[in-house]
Each structure stands twice: as structure tokens, then as C-alpha cells.
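Accompanying notes for the structure given below.
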Amino acid sequence: MMKHLSLDRRIQSLFPVALASLLVLGTVRLVLDNLKSDHSQIFRLYGWPRGEKHRLPIVLSPKDRIEERCNVFEGKWVWDNVSYPLYTEESCPFLVKQVTCHRNGRPDSFYKNWRWQPNGCNLPRFDPLKLLQILRGKRLMFVGDSVQRAQFESMVCLVQSVIPEGKKSLRRVPPKKIFKAEEYDVSIEYYWAPFIVESNSDHATNHTVLKRSVKLDSIAKHGKEWEGVDVLVFESYVWWMYKPLINATYGSPYNVKEYNLTTAYRLALETWANWIDSKINPHNQKVFFMSMSPTHLWSWEWKPGSDGNCFSESDPIQGPYWGTGSSLKIMDIVHDILQQLKVNVTLMNITQLSEFRKDAHTSIYGERKGKLLTKEQRSDPKKFADCIHWCLPGVPDTWNEILYAYLLKNYHGFL
Ligand SMILES: *[C@@H]1O[C@H](CO)[C@@H](O)[C@H](O)[C@H]1NC(C)=O
Ligand SMILES: *[C@@H]1O[C@H](CO)[C@@H](O)[C@H](O)[C@H]1NC(C)=O
Ligand SMILES: *[C@@H]1O[C@H](CO)[C@@H](O)[C@H](O)[C@H]1NC(C)=O
Ligand SMILES: *[C@@H]1O[C@H](CO)[C@@H](O)[C@H](O)[C@H]1NC(C)=O
Ligand SMILES: *[C@@H]1O[C@H](CO)[C@@H](O)[C@H](O)[C@H]1NC(C)=O
Ligand SMILES: *[C@@H]1O[C@H](CO)[C@@H](O)[C@H](O)[C@H]1NC(C)=O
């Protein structure tokens with residue numbers, strides 16, 4: 001018990017080191033996004049025609065349905081350079097530079113060739129046409145931080161190859177990104193809300209990174225943008241893990257106090273849960289919650305005696321492994337809150353499967369402050385490797401394959 005406590009302390013004091021750079025990076029990204037955005041496009045978001053084209057019957061085979069009893073989150077990574085990756089950096093024009101590790105100079109490409117194999121069943125083969133048909137006339141929205149943004153980008157890449165030029169578009173409408181598949185009237189969106197609830201880090205271009213303050217009981221401003229979305233996928237973790245305490249308000253918006261991190265997280269998720277229960281119609285909307293995306297900041301956790309991080313790792317971890325960066329206390333809070341909900345929210349428990357992938361982070365092949373790392377920075381991976389974000393193609397593709405499996409599993413005509 002004492003040992004765990006001291007490990008916890010160590011993590012919480014180390015997180016800032018890794019985060020400071022990444023959060024700044026996130027800021028710059030959004031600044032760029034904002035500059036490139038075309039505000040006139042926002043009107044196109046509303047009032048687009050519900051097209052009837054490409055309306056084919058959806059044929060699901062037995063292989064498309066994961067069995068009720070199968071826990072798809074338990075399994076192992078198997079080498080599969082025949083069917084993976086599901087797309088390439090070259091084939092997907094929508095990937096941002098932050099995730100294209102190979103193009104950015106990563107020498108090995110093994111990380112793209114692993115397939116997640118659940119113990120008790122097979123995942124259905126990802127079929128973009130099937131997904132587009134299921135989502136016809138609907139909006140799928142990912143809500144969260146920059147880890148969640150990568151899942152959004154992965155989903156765009158997974159479906160875009162089957163859509164002809166001119167019939168697809170990606171627009172930036174900060175704090176949103178919106179991908180449209182015209183012929184299917186499908187909209188795949190991303191909404192920046194690093195704490196899910198409101199905070200002073202919500203503004204796309206002008207938010208304080210270090211002096212963060214969270215409004216634990218406020219969600220209405222974001223919620224307005226989520227109302228009526230057919231499939232919502234939420235995620236929020238790493239922004240909370242800055243210090244053991246976090247500045248927040250609850251009740252009076254002027255009374256900023258330091259909250260114990262776990263207390264704050266619980267209060268925020270309760271606010272979210274109330275929103276879900278009052279705004280979601282379970283008959284025609286579906287809600288998913290992503291468990292925490294693990295980090296690989298300390299190599300001594302999987303390689304005792306070493307003193308590095310995820311840099312230059314080229315293979316998944318074999319055998320049981322759970323890094324101390326993935327807080328079980330937070331996991332328990334998520335579990336409790338989801339249990340108490342009236343609406344059925346599906347937990348996508350991707351933490352364990354991602355824990356194995358110490359090899360799959362952007363490391364020194366991502367960006368910092370909106371630019372690829374310099375030669376000097378690359379020569380100092382201990383300081384500059386990003387062991388929070390993931391390369392694409394990569395691990396977030398697997399999260400989406402599982403999301404796809406759930407959408408197929410629960411497909412009864414409405415979704
Ligand atoms: C796929 O992996 C196998 C086993 O490692 C290897 O022998 C083969 O050359 C690889 N094929 C390609 C196309 O990379
Ligand atoms: C950024 O936000 C701060 C605090 O909310 C405000 O004082 C400042 O005027 C803002 N700057 C810009 C350029 O909007
Ligand atoms: C909370 O805000 C105060 C005042 O700005 C600051 O001194 C303190 O360090 C902050 N606490 C945390 C945990 O960030
Ligand atoms: C935060 O609060 C919880 C519940 O009250 C407690 O178990 C935990 O030890 C606290 N953590 C810190 C760092 O104070
Ligand atoms: C998610 O899975 C991990 C192990 O894979 C387990 O420890 C944890 O309790 C699960 N979380 C929830 C909320 O069920
Ligand atoms: C809730 O969702 C899960 C996972 O999709 C499903 O297995 C379960 O049957 C649903 N429960 C209800 C009451 O709808």
C-alpha cells in the first residue's frame with residue numbers, strides 16, 4: 001500500500017515535465033487550426049440535405065457481430081504485416097504532421113503491423129462502406145483532448161479511402177473539426193474539451209496552459225454543441241494529471257479552490273453524467289466513454305534498471321503489464337459514474353491493450369510547439385520524446401476497430 005502511494009507521488013510530480021511541452025504543442029496546433037478555418041463554412045454545417053443516394057441494404061454477416069460474452073479488450077497483439085496497417089500515411093491526406101511518425105523520420109515501421117487479437121473472438125474486419133451505411137444521415141463526434149483528436153483523425157483515415165475526391169471534406173471550425181462524407185450525409189466530428197466540463201483551457205487560441213482552472217459544475221456551453229449528435233465518444237484524462245491538486249470552481253464561479261484531483265475528476269464526471277441523463281435519448285443516440293490512454297514515460301516500469309522512456313522502443317510489451325501512469329483510482333471513478341447512469345454508456349476499456357504498446361508513441365517523431373523537433377531536440381529524447389501521443393497509423397486505429405465492432409453489434413436499424 002505504502003509502495004503504491006509513493007509511486008503515485010512520483011507520477012504526479014513527473015507528469016508536468018512531460019505535459020508542459022505537449023500542452024503547449026496543443027495550443028499552437030489550435031492556433032494554426034483557427035487561422036486556417038473558414039468561418040463561413042459553419043453555416044454549411046447546418047441545413048445540409050439528407051441525401052438518399054447510395055442507399056444500399058446493410059448486410060451483416062455473422063463475422064460482423066462480436067459475441068455477447070466476448071471481452072474484446074482482453075487479448076494480445078499479433079504480428080500481421082499482411083492486413084495491417086489499414087491505411088498509409090500517403091493514402092490519407094487528412095493526417096496532421098503531429099502523427100505521421102514515418103514521414104517525420106521514424107526509421108522502423110514495425111509499429112504499424114500489429115493486430116489486436118481478443119482472446120475469445122475475432123474483431124470484425126473494418127469495412128468503411130458498412131460503417132458509412134450504418135452512420136448514414138448521422139453525426140459521430142469525438143469529444144476530448146489531443147489524444148481523442150488522434151482517434152478522430154484515425155477514423156477519418158479509416159473511412160475516407162472509399163469516398164471519391166470532391167465528395168469529402170475536412171473543415172476546421174474551432175473548437176471543432178468536421179469531416180463530411182457527402183454522399184452518405186455522414187459527419188465525423190471532433191470537439192476540443194480537454195476536461196469535458198468547462199475550463200479556462202477551452203478557448204482554441206487563448207487559453208492558459210499552466211494556470212488551468214476547471215469549472216467542475218459547468219457543462220452547458222459545450223453541451224449545446226453535443227445535443228442531438230447521434231454517436232458521442234468522450235475522453236478526458238491526461239489534462240487532469242498535472243499535479244495532485246487542481247484549481248477548480250464548484251458553485252460560485254468566483255471561488256477558485258484547490259481540489260484533490262480525484263475529487264475534482266469525480267465531480268466533473270457527475271456533471272457530465274447529469275448532462276447525459278437529461279439530454280440523451282437512448283433510443284436514437286449512443287454514447288461511448290474511452291478509458292484512459294496510457295503513457296510510457298518511464299522505461300524502468302517495463303525494463304527494470306533502465307532510465308529512459310518510450311524512445312526507440314520497437315516492440316509491444318509481452319505478458320502482463322500495467323503502468324503506474326494509468327490511475328486505477330480514476331478508473332474506479334469512471335466505473336462508478338457509468339454504473340449510476342440511467343442511460344447506457346459503453347465503456348471502451350482500451351487502457352490495458354494500449355499499455356502493451358510502448359513502441360507506438362510519437363516519441364521524437366512528432367511535433368513540439370507546432371514544429372517537428374529540431375536535430376538538437378531529437379538528440380535529447382529523455383527530454384523531448386512524446387510518450388503520450390500515438391503515431392498514425394497505429395493504436396488509435398484499433399480503438400476505432402473496436403468502436404466499429406460495437407456499432408455493428410448494436411445495430412438494429414437505428415444505429
Ligand atoms: C512480413 O513479416 C515476415 C515475418 O517477420 C517477414 O518475413 C516478411 O518479409 C514481411 N513481409 C513484408 C511485406 O514486410
Ligand atoms: C486572453 O485571455 C485573457 C484572460 O481571459 C484576457 O485577459 C486577454 O485579453 C485575452 N487575449 C486575447 C488576445 O484575446
Ligand atoms: C491555484 O492557483 C493559485 C493562485 O493562482 C496558485 O498559487 C496555485 O499554485 C494553484 N494551484 C495549483 C494546484 O495549480
Ligand atoms: C484525495 O481524496 C481521496 C478521497 O477523499 C483520498 O482517498 C486520497 O488519498 C486523496 N488524495 C490526495 C493526494 O490527497
Ligand atoms: C478496465 O480493464 C482493466 C484491466 O484490463 C480493469 O482493471 C479495470 O477495472 C477495467 N475498468 C472498468 C471501469 O471496468
Ligand atoms: C448496454 O450496452 C451494452 C454494450 O453495448 C449492451 O451489451 C447492453 O445490452 C446494453 N444494456 C441495455 C440495458 O441496453
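Hydrogens, waters and symmetry mates play no part in the numbers below; they use all other heavy atoms, side chains included. Atoms within each ligand, like the ligands themselves, are counted from 1 in listed order.
Side-chain contact check for S293 and E235: no donor-acceptor pair (N or O, by modelled atom type) lies under 3.5 Å. A donor and an acceptor atom, one from each side chain of S199 and D202, are located under 3.5 Å apart. S354 and W399 form a side-chain donor-acceptor contact under 3.5 Å, judged by distance and modelled atom types alone.
Ligand 5 has L347 within reach: a non-hydrogen atom of the residue lies less than 4.0 Å from it.
Backbone and side-chain nitrogen or oxygen atoms of N349 are examined, and one is located within less than 3.5 angstrom of a nitrogen or oxygen of ligand 5.
In summary, the atoms of ligand 5 found under 4.0 Å from a heavy atom of Q352, numbered by their order in the structure, are 5 (O). Counting the atoms of ligand 1 from 1 in the order shown, those under 4.0 Å from a heavy atom of N81 are 1 (C), 2 (O), 3 (C), 8 (C), 10 (C), 11 (N), 12 (C), 14 (O).
In this structure F356 satisfies the ring pair (Phe, Tyr, Trp, His ring centres under 6.0 Å) test with no other residue, sequence neighbours excluded. Residues forming a ring pair (Phe, Tyr, Trp, His ring centres under 6.0 Å) with F142 (at least two apart in sequence, or on another chain): none.
Using a heavy-atom distance under 4.0 Å as the criterion, the protein contacts of ligand 3 are K243, L245, N247, E258.
Contact of the T88 side chain with the K112 side chain is not registered, since no non-hydrogen atoms from C-beta on lie closer than 4.5 Å.
Ring geometry, H361 versus W390: the interplanar angle falls under 30°, so the pair is classed parallel (tilted spans 30 to 60°).
For T351, no heavy-atom contact with ligand 5 is shorter than 4.0 Å.
Evaluation of the disulfide bond (SG atoms under 2.5 Å apart) test over residues 229-331, restricted to residues two or more places apart or in two chains, returns C310-C387.
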